[in-house]
Amino acid sequence: MDETAAWIRSYLDEYPKAADTAVGIQRWWLAPRQGEVALLTVELALAKLESEGVVKNSDSMATNPTYGRRG
């Protein structure tokens with residue numbers, strides 16, 4: 001999970017305005033560069049990054065919230 005969090009952080013460093021759902025991050029951000037990553041791993045990495053203040057969840061009550069770099 002820490003490696004996945006690092007990949008997401010790296011992607012956001014390269015594309016600071018990027019935002020997507022956990023599934024979109026899994027499919028479009030990580031798969032082309034890192035191969036297939038389990039959705040649960042992506043979700044746990046996003047939760048870690050959110051707790052560290054790196055990403056923000058656009059709507060924690062939504063079925064498919066969008067994540068992006070915290071402001």
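Quantities reported herein were computed from a predicted structural model and do not represent experimental measurements. We count residues from 1, following the sequence as given.
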> Can you tell me how far apart OH (Tyr15) and CH2 (Trp29) are? Round to the nearest 0.5 Å.
11.0 Å
> How long is the gap from CD1 on Ile25 to CG on Leu12, to the nearest 0.5 Å?
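Atom-to-atom, Ile25:CD1 and Leu12:CG are 7.0 Å apart.
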> Find out whether Gln34 and Thr4 are in side-chain contact, i.e. whether some heavy atom of one side chain is under 4.5 Å from a heavy atom of the other.
no
> Looking at Ser58 and Pro65, what are the two nearest heavy atoms and their distance?
OG-C, 4.3 Å
> Check Arg69 against Asp13 and note the closest heavy-atom contact, atom names and distance.
NH2-OD1, 2.7 Å
> Group every Ile, Leu, Val, Met, Phe, Trp and Tyr by side-chain heavy-atom contacts under 4.5 Å, then state whether Trp28 and Val42 land in the same group.
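Same cluster.
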> Find out whether Met1 and Lys48 are in side-chain contact, i.e. whether some heavy atom of one side chain is under 4.5 Å from a heavy atom of the other.
yes
> Between Glu14 and Arg9, is the closest basic N to carboxylate O distance under 4.0 Å?
no
> Determine the minimum heavy-atom distance between Ala5 and Ala45, stating which atoms define it.
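For Ala5 and Ala45, the tightest heavy-atom pair comes out as N-CB, 3.6 Å.
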> Does any non-hydrogen side-chain atom of Gln26 lie less than 4.5 Å from one of Glu36?
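Glu36 vs Gln26: side chains touch.
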> Do Arg70 and Val55 pass the side chain to side chain contact (heavy atoms under 4.5 Å, CB included) test, and can you show the C-alpha distance, the side-chain angles, and the key distance before you say yes or no?
CA-CA 5 Å; Arg70 183 171 294 280; Val55 300; 6.0 Å; no
> What closest approach, in Å, do Tyr11 and Ala18 show between heavy atoms, and which atom pair accounts for it?
CE2-CB, 3.7 Å
> Could you report the tightest heavy-atom contact between Thr66 and Ala19, atom names first, then the distance?
CG2-CB, 3.6 Å
> With Val54, which of Ile8, Leu46, Leu49 fulfils side chain to side chain contact (heavy atoms under 4.5 Å, CB included)?
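The passing option is Leu49.
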> Answer whether the closest heavy-atom distance between the side chains of Tyr67 and Asp20 falls below 4.5 Å.
no
> Rounded to the nearest 0.5 Å, what's the gap from OG1 on Thr41 to CG on Leu30? Could you check?
10.0 Å
